[in-house]
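Quick notes on the structure that follows.
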Amino acid sequence: MYTTLDIVPIRIADHYKIISGLMHELHLHEHSLFDKTAAWPDIETSYMRHVVQMQEEHDGLCLMAYADNMPVGFIFGYVEEQDDSRIEIHEGKELYVSDGIVLEQYRRLGIYNILNETLEQHYIGKGIKRIIRFTLVNNTRMRQFLENEGYGVTRLLYEKWL
């Protein structure tokens, strides 16, 4: 499917249009799994402002995957500090993996694995001891991926839409 794959750290603000386009793909996918997912055009400005801010102010890292010099996916995470209201053992700062996607025609080629491993190793090298991620309950492919990578479910979020 491709001959070269490059994983490159990028500044979201400098690649706004590309990341926003990939976020749109992510939201379309999430909407297919959960019909209450907001339409990307309705939240693009505020959400992109949020990820730019998190990257700049919370040691964020966005990795772009380029297959044959074409952007085909990304992963983004940033550091959060636990406060003393949590019930877990305090481990200090933690990585929150916020967003990520690989375009459909490039899935099942190991690209997301490489993005994830690169992101995790970057933050492990900085002393991170805990990584947090959310996924939709019916996103079975992501749940399987996370379980295969050593993640475990620690909480279930129940919602009641009125």
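Position 1 is the first residue of the sequence; numbering continues from there.
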Are [X] and [Y] packed together at the side-chain level, in the sense that at least one heavy-atom pair is separated by less than 4.5 angstrom?
| X | Y | answer |
| --- | --- | --- |
| Phe74 | Leu63 | no |
| Lys129 | Glu94 | no |
| Phe134 | Val97 | no |
| Leu119 | His122 | no |
| Thr118 | Glu120 | no |
| Tyr66 | Leu5 | no |
| Tyr16 | Ile19 | no |

Point-to-point distance, once rounded to the nearest 0.5 Å, from [atom1] of [X] to [atom2] of [Y]:
| X | Y | atom1 | atom2 | answer |
| --- | --- | --- | --- | --- |
| Ser98 | Leu61 | OG | CG | 12.5 Å |
| Ile43 | Met23 | CD1 | CE | 9.0 Å |
| Thr37 | Leu28 | OG1 | CG | 10.0 Å |
| His24 | His29 | NE2 | NE2 | 14.0 Å |

Q: Say whether Gln144 and Asn148, considering side chains only, have a donor N or O and an acceptor N or O under 3.5 Å apart.
A: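 Judged by distance alone, the side chains do pair up.
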
Q. Taking atom types as modelled, is there a side-chain donor on Ser20 or Glu44 under 3.5 Å from an acceptor on the other?
A.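 On atom types as modelled, these side chains qualify, holding a pair under 3.5 Å.
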
Q) Can Asp59 and Lys126 be counted as an ion pair, charged N to O under 4.0 angstrom? A)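 Counted as a salt bridge, because a side-chain N and a carboxylate O are separated by less than 4.0 Å.
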
Q: Apply side chain to side chain contact (heavy atoms under 4.5 Å, CB included) to the pair Ile132 and Leu95, showing each step before the final yes or no.
A: CA-CA 6 Å; Ile132 297 173; Leu95 170 62; over 6 Å; no

Contacts under 3.5 angstrom, residues 101-108 side chains, donor-acceptor by atom type, not counting sequence neighbours:
{"residue": "Arg107", "atom": "NE", "partner": "Val102", "partner atom": "O", "Å": "2.7"}
{"residue": "Arg107", "atom": "NH2", "partner": "Val102", "partner atom": "O", "Å": "3.2"}

Q) Which one of Ile111, Leu146, Ile75, Ile131 satisfies the side chain to side chain contact (heavy atoms under 4.5 Å, CB included) criterion with Asn116? A)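 Answer to the side chain to side chain contact (heavy atoms under 4.5 Å, CB included) test with Asn116 among Ile111, Leu146, Ile75, Ile131: Ile75.
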
Q) Are any side-chain N or O atoms of Asp68 and backbone N or O atoms of Tyr2, one a donor and one an acceptor, separated by less than 3.5 Å? A)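 Side chain of Asp68 to backbone of Tyr2: no pair is present.
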
**Q.** Same cluster (ILVMFWY, side-chain, under 4.5 Å), Val8 and Tyr123
**A.**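 They do share one cluster, since a chain of ILVMFWY contacts under 4.5 Å joins Val8 to Tyr123.
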
Q: Let me see the working for Asn113 and Phe145 under side chain to side chain contact (heavy atoms under 4.5 Å, CB included), right down to the final yes or no.
A: CA-CA 9 Å; Asn113 262 351; Phe145 169 80; 2.5 Å; yes

Q: Can you label the angle between the His27 ring and the Trp40 ring as parallel, tilted or perpendicular, going by 30° and 60°?
A: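 Judged by the thresholds at 30° and 60°, the geometry between His27 and Trp40 is tilted.
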
Q) Who else is in Val153's hydrophobic cluster (ILVMFWY, side-chain heavy atoms under 4.5 Å, direct or via others)? A)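 Its cluster partners, ordered by chain and number, are Leu156, Tyr158.
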
Q: List the atom of Ile128, the atom of Arg130, and the distance in Å for their closest heavy-atom pair.
A: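 For Ile128 versus Arg130, the nearest heavy atoms are CG2-O, 3.3 Å.
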
**Q.** Minimal non-hydrogen separation, Gly73 against Met64, with atom names
**A.**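 Looking at all heavy atoms of both residues, the closest pair is O-SD, 3.3 Å.
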
Q) Run the side chain to side chain contact (heavy atoms under 4.5 Å, CB included) check on Tyr112 and Met142 step by step: do they pass? A) CA-CA 10 Å; Tyr112 194 83; Met142 179 55 80; 3.8 Å; yes

Report all side-chain donor-acceptor pairs from residues 50-58 shorter than 3.5 Å, counting only partners two or more places apart or in another chain.
{"residue": "Gln53", "atom": "NE2", "partner": "Glu57", "partner atom": "OE1", "Å": "3.2"}
{"residue": "Gln55", "atom": "OE1", "partner": "Ile12", "partner atom": "N", "Å": "2.7"}
{"residue": "Gln55", "atom": "NE2", "partner": "Ile10", "partner atom": "O", "Å": "2.8"}
{"residue": "Glu56", "atom": "OE2", "partner": "Arg11", "partner atom": "NH2", "Å": "2.8"}

Q.
Just checking Phe76 against Tyr78, ring centres under 6.0 Å apart?
A.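 So the answer is yes for these two rings.
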
